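The model shown is predicted, which means the values in this text are computed figures rather than measured ones. Numbers restart at 1 for each chain; the letters A, B, ... are given by sequence-line order, proteins then strands.
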Amino acid sequence: MTVRVRFAPSPTGYLHIGGARTAMYNYLYAKAMGGKYILRIEDTDTERSERKYEAAQIEDLKWLGINHDEGPDVGGEYGPYRQSERGHIYKAWAEKLIDTGHAYHCFCSEEELTAKKELATAEKRAPHYDGKCRNLTEEEVTSRLAAGEEAVIRFKAPRKAYVFTDHVRGRVVFPEGMVGDFVIMRANGIPVYNYAVVVDDASMKITHVIRAEEHLPNTLRQLMIYEAFGETPPEFAHGSLLIGEDRQKLSKRHGATSVNLYKEMNYIPAALLNYLCLLGWSHPEEKDVFDIHTLGTIFNLERFTKAAAIYDIKKLDFINGQHLRHLPLETILIEVGKIIPVEHPFHKMEHDWKLRTVTIFKDQINFFQDFTTHLDILFTTEVSDSAEYLEARNWETTPKIREYLESEINIAKVAGKKFVTADDYNIWSDHVKGELKIKGKQLFMGMRSVLTHQAHGPELKFIIPLTPIEILEKRIHL
RNA sequence: GCACCCAUCGUCUAGCCCGGCCUAGGACACUGCCUUUUCACGGCGGCGACUGGGGUUCGAAUCCCCAUGGGUGUACCA
């Protein structure tokens, strides 16, 4: 039997970080087992669902590189993949349930139900449906329906305990009486989540349901429905919840929780996935930095964590830096090029210059945008006001260095050079050492302060050959 | 309220199923040193946890019970 898993988001907003994690786990499991990963859109909440969110979520998934084998946009043999287009299936299956005595029409009004629920709560009873419409005669139902009376379809919850084995929770027991008869079809004919899920998972031949712990209690209702249909339930794996620093379920108010925000902040998708993967699952070799696409059969359901994980992006930033460093130079160049403002002189430089620049700076940054800041070291004519810089400028040796370098830069300029070479730089430094007899801190910091007006930065022999000579000239006169 | 789930460094976690190898390992963050005559990277250290109480056992982070804490659910939301 081939493994079939699915990610089933509701298009009521942008793709959430938690959703992305669930999608990834399903995707990873399908890949590990040589199975199929399906995307299904759960848009039964017509009030809140919007097509634009569906498109946005698919786009975010694509950005992450989590590609589905079947879905509303790519098709597949078990479609349609949008619940709003499966109305006839839910209806037909619901009729089956009524015919077999597992469900019934219920005419109770909302007010009536609310009143009973409040009473039950006040009397400290479980607010379950009292079964008023459970035993209506077929004639009565038919005539009331014919009269245009509104009705929902309610599922007859069996009075017994349910047990199932979860891949991460182990044996889970739902004692008898946890739920009363619950609605599966709304009055408007749209199915309710717990029912639609079962119909879809069963008809789409889903073999494994991998989702977050918040769905654990839903499993009971779903188990009941599978049983009523005579279907074997899929295997379940309820991973841990993603929570915020306040230990509450992660939501918008916790800050950047939607994937598109990370795209905007130029995070590397592979890094985001890497981090998310580790939030609730552990690598058998305890690796922290890896590409999830290389996991292969290493990924399994047995290494999920049971406890909820607090989402804290500090580690994500570190992982982003690790991924960035391992990217090919040309790739970094492309990404960085997208971020640097068009008017920046960077874009006018030669390809070789760009590559050398990226080589030097990539080890110092965690984000592509940090590159821009570092780039300033090559172009800025600003003067540092740090104590260390001021101290270096005040050494009596520094003016001598300045004087010498001024003439050297002038010579290079007159010779028509656009940049000085690393060799030039070495000659300068040898001269200052040998002829001017300046060494140690006075030598290096002195040259740095004269050449860059900064106290810190990457090695001079690397950055000076990358700095345009007219910038060096300007600086020397400051 | 009721039901279910969970509980190891500040955070992510390994170890737990199949008790001894755990004076509890790794990573982030913080921090010290080395390297670099600067910064960063890197390397080596430091700080830092088995929620509490009972039990079982020669021996418990690991097994059992209770307590406490936290979370989720309890909808014609998903």
Side-chain angles (χ1 to χ4, degrees), chain A residues 8-12 42-45 47-49 83 106 108 110 113-114 117 120-128 150-154 166 168-170 172-175 177-180 182-194 196-197 211-220 238 240-241 243 245-249 275 278-289 302-303 305-319 321 325 360-365 374 377 388-389 392 439-445 447-449 452 454-460:
Chain A
S10 289
T12 54
E42 310 221 321
D43 53 355
T44 52
D45 184 350
E47 298 280 295
R48 299 192 300 145
S49 296
Q83 291 189 328
C106 169
C108 296
E110 248 180 276
L113 260 18
T114 315
K117 205 171 286 173
T121 314
E123 291 176 358
K124 294 191 174 175
R125 284 184 289 114
H128 295 161
E150 282 209 329
V152 299
I153 297 176
R154 232 175 240 286
D166 188 276
V168 0
R169 310 280 145 195
V172 178
V173 181
F174 295 113
M178 265 182 78
V179 296
F182 55 93
V183 173
I184 56 173
M185 289 289 266
R186 299 176 170 97
N188 61 8
I190 296 173
V192 170
Y193 169 75
N194 277 305
V197 169
R211 52 172 32 163
E213 194 193 336
E214 53 184 317
H215 285 291
L216 194 58
N218 285 329
T219 311
L220 171 60
H238 288 92
S240 62
L241 219 49
I243 58 179
E245 272 180 282
D246 56 359
R247 307 211 140 259
Q248 311 275 308
K249 195 163 80 163
Y275 173 66
L278 258 14
L279 240 39
W281 185 81
S282 64
H283 194 288
E285 290 162 31
E286 289 197 57
K287 282 187 187 168
D288 289 298
V289 180
E302 320 312 316
R303 296 193 66 83
T305 311
K306 292 180 180 178
I310 295 179
Y311 183 75
D312 169 24
I313 66 169
K314 274 198 231 87
K315 196 165 185 172
L316 166 61
D317 291 353
F318 164 79
I319 290 177
R325 249 151 254 156
I360 292 166
F361 292 135
K362 73 172 169 108
D363 287 340
Q364 320 209 6
I365 60 178
H374 282 74
I377 294 167
E388 292 151 295
Y389 168 74
K439 53 190 173 184
K441 207 175 178 186
Q442 274 68 28
L443 165 66
F444 288 90
M445 285 299 279
M447 287 186 76
R448 181 178 294 282
S449 69
T452 71
Q454 301 295 320
H456 306 294
E459 269 196 75
L460 289 173

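- Closest approach to the Met445(A) side chain among A27(B), U38(B), A78(B) is made by U38(B) (side chain taken as heavy atoms from C-beta onward).
- Between the P atom of C12(B) and the CD atom of Glu286(A) lies a distance of 16 Å, rounded to the nearest Å.
- Annotation: Arg247(A), atom CZ; neighbour count of heavy atoms from other residues, nucleotides and ligands within 6.0 Å does not exceed 12.
- Looking at heavy atoms from C-beta onward, Gln364(A) lies in side-chain contact with Pro458(A) at the 4.5 angstrom threshold.
- When Watson-Crick and G-U wobble pairs are counted only if both distances are under 3.5 Å, G19(B) pairs with no nucleotide at all.
- A gap of 12 Å separates the C1' atoms of U57(B) and C64(B), to the nearest Å.
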Please write out the pairs of protein N or O atoms and N or O atoms of nucleotides 64-73 of chain B separated by less than 3.5 Å, giving the distance to one decimal.
residue	atom	partner	partner atom	Å
G71(B)	OP1	Gln248(A)	NE2	2.5
U72(B)	OP1	Lys249(A)	N	3.2
G73(B)	OP1	Lys249(A)	NZ	3.3

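- Counting to the nearest Å, the C1' atom of A40(B) and the CZ atom of Arg448(A) are 11 Å from each other.
- Distance from the side chain of Arg303(A) is smallest to G15(B) among G15(B), A27(B), G1(B).
- Across all strands shown, U56(B) forms no Watson-Crick or G-U wobble pair with both distances under 3.5 Å.
- Looking at Lys315(A) and Asp288(A), their side chains come closer than 4.5 Å, going by heavy atoms from C-beta outward.
- For Glu150(A), the CD atom counts as loosely surrounded, since its 6.0 Å shell holds 12 or fewer non-hydrogen atoms of other residues, nucleotides or ligands.
- The same atom, C1', is picked in U74(B) and in U11(B); the two are 31 Å apart, to the nearest Å.
- Here Val183(A) lies in heavy-atom contact (under 4.0 Å) with sugar-phosphate atoms only.
- Remark: the separation of the P atoms in A14(B) and A27(B) is 15 Å, to the nearest Å.
- The separation between Tyr275(A) atom OH and C12(B) atom C1' is 7 Å, rounded to whole Å.
- Counting to the nearest Å, the C1' atom of C6(B) and the CG atom of Asp166(A) are 13 Å from each other.
- Under the 4.5 Å side-chain criterion, counting only non-hydrogen atoms from C-beta, Val192(A) is not in contact with Ile184(A).
- Of the C1' atoms belonging to G19(B) and G73(B), the separation is 35 Å, rounded to the nearest Å.
- Among the atoms of the strands shown, only primed sugar atoms or phosphate atoms (P, OP1, OP2) are found under 4.0 Å from some heavy atom of Thr44(A).
- Checking A7(B), C12(B), G15(B) against every side-chain atom of Leu279(A), the shortest atom distance belongs to C12(B).
- Taking atom CG on Leu220(A) and atom C1' on C5(B), their separation rounds to 14 Å, with Å as the unit.
- With C4(B), A78(B), U11(B) as the candidates, the nucleotide lying closest to the side chain of Ile310(A) is U11(B).
- Comparing C17(B) with G54(B), their C1' atoms sit 24 Å apart, to the nearest whole Å.
- When distances are taken from the side chain of Lys314(A) to each of C76(B), C5(B), C28(B), the shortest belongs to C28(B).
- Counting any heavy atom pair closer than 4.0 Å across all strands shown, Phe318(A) reaches sugar-phosphate atoms only and no base atom.
- Two residues are said to be in side-chain contact when any heavy atoms from C-beta on lie closer than 4.5 Å; Leu316(A) and Tyr311(A) meet this criterion.
- Shortest non-hydrogen contact noted between Ser240(A) and Ala212(A) is O-CB, 4.1 Å.
- Residue Lys441(A) is in base contact, counting any heavy-atom pair closer than 4.0 Å across all strands shown.
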I would like to know whether Met447(A) and Leu460(A) meet side chain to side chain contact (heavy atoms under 4.5 Å, CB included); could you show each step before the answer?
CA-CA 8 Å; Met447(A) 287 186 76; Leu460(A) 289 173; 4.1 Å; yes
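- U11(B) is paired with A27(B) under the Watson-Crick or G-U wobble criterion, all donor-acceptor distances under 3.5 Å.
- The side chain of Thr305(A) approaches A14(B) more closely than any other nucleotide in the set U37(B), G1(B), A14(B).
- On the C1' atoms, C63(B) is 15 Å away from C50(B), given to the nearest whole Å.
- Nearer the 5' end of RNA chain B, as judged by each residue's closest nucleotide, is the contact made by Pro175(A), out of Pro175(A) and Leu316(A).
- Nearest-nucleotide positions on RNA chain B place Asp312(A) closer to the 5' end than the other of Asp312(A) and Gly440(A).
- Counting heavy atoms of neighbouring residues, nucleotides and ligands inside a 6.0 Å radius, atom CD of Glu47(A) does not exceed 12 of them.
- Separating the CG atom of Asp363(A) from the C1' atom of C41(B) is a distance of 5 Å, rounded to the nearest angstrom.
- For Val172(A), taking side-chain heavy atoms from C-beta onward, the closest of the listed nucleotides C4(B), C12(B), A14(B) is C4(B).
- Base-pair partner of G42(B): C34(B) (Watson-Crick or G-U wobble, both distances under 3.5 Å).
- For A49(B) and C12(B), the P atoms lie 16 Å apart once the distance is rounded to whole Å.
- Of the side-chain N and O atoms in Thr12(A), none sit less than 4.0 angstrom from OP1 or OP2 of A78(B).
- Side-chain proximity of Glu110(A) to the nucleotides U38(B), A27(B), C76(B) is greatest for C76(B).
- In this structure a side-chain-to-backbone donor-acceptor pair under 3.5 Å is present from Tyr275(A) to Asp312(A).
- At the heavy-atom level, Arg211(A) lies nowhere under 4.0 Å from the strands shown.
- Between the side chain of Arg211(A) and the backbone N or O of Leu216(A), no donor-acceptor pair lies under 3.5 Å.
- In the set A75(B), G26(B), U37(B), U37(B) carries the atom at the smallest distance from any side-chain atom of Phe444(A).
- When heavy atoms are screened at a 4.0 angstrom cut-off, Ala307(A) is found touching the sugar-phosphate backbone but no base atom.
- Residue Ser282(A) has no polar side-chain atom (N or O) positioned under 4.0 Å from OP1 or OP2 of U13(B).
- Protein atom NZ of Lys287(A) is 16 Å distant from nucleotide atom P of C28(B), rounded to whole Å.
- The residue Val173(A) sits close only to the backbone: its heavy atoms come under 4.0 Å of sugar-phosphate atoms, none of a base.
- Of the nucleotides present, A3(B) is the one that pairs with U72(B) by Watson-Crick or G-U wobble criteria, both distances under 3.5 Å.
- One C1' atom belongs to C16(B), the other to A24(B), and the distance between them is 12 Å to the nearest Å.
- Counting non-hydrogen atoms under 4.0 angstrom, Gly280(A) reaches the backbone sugars and phosphates but no base.
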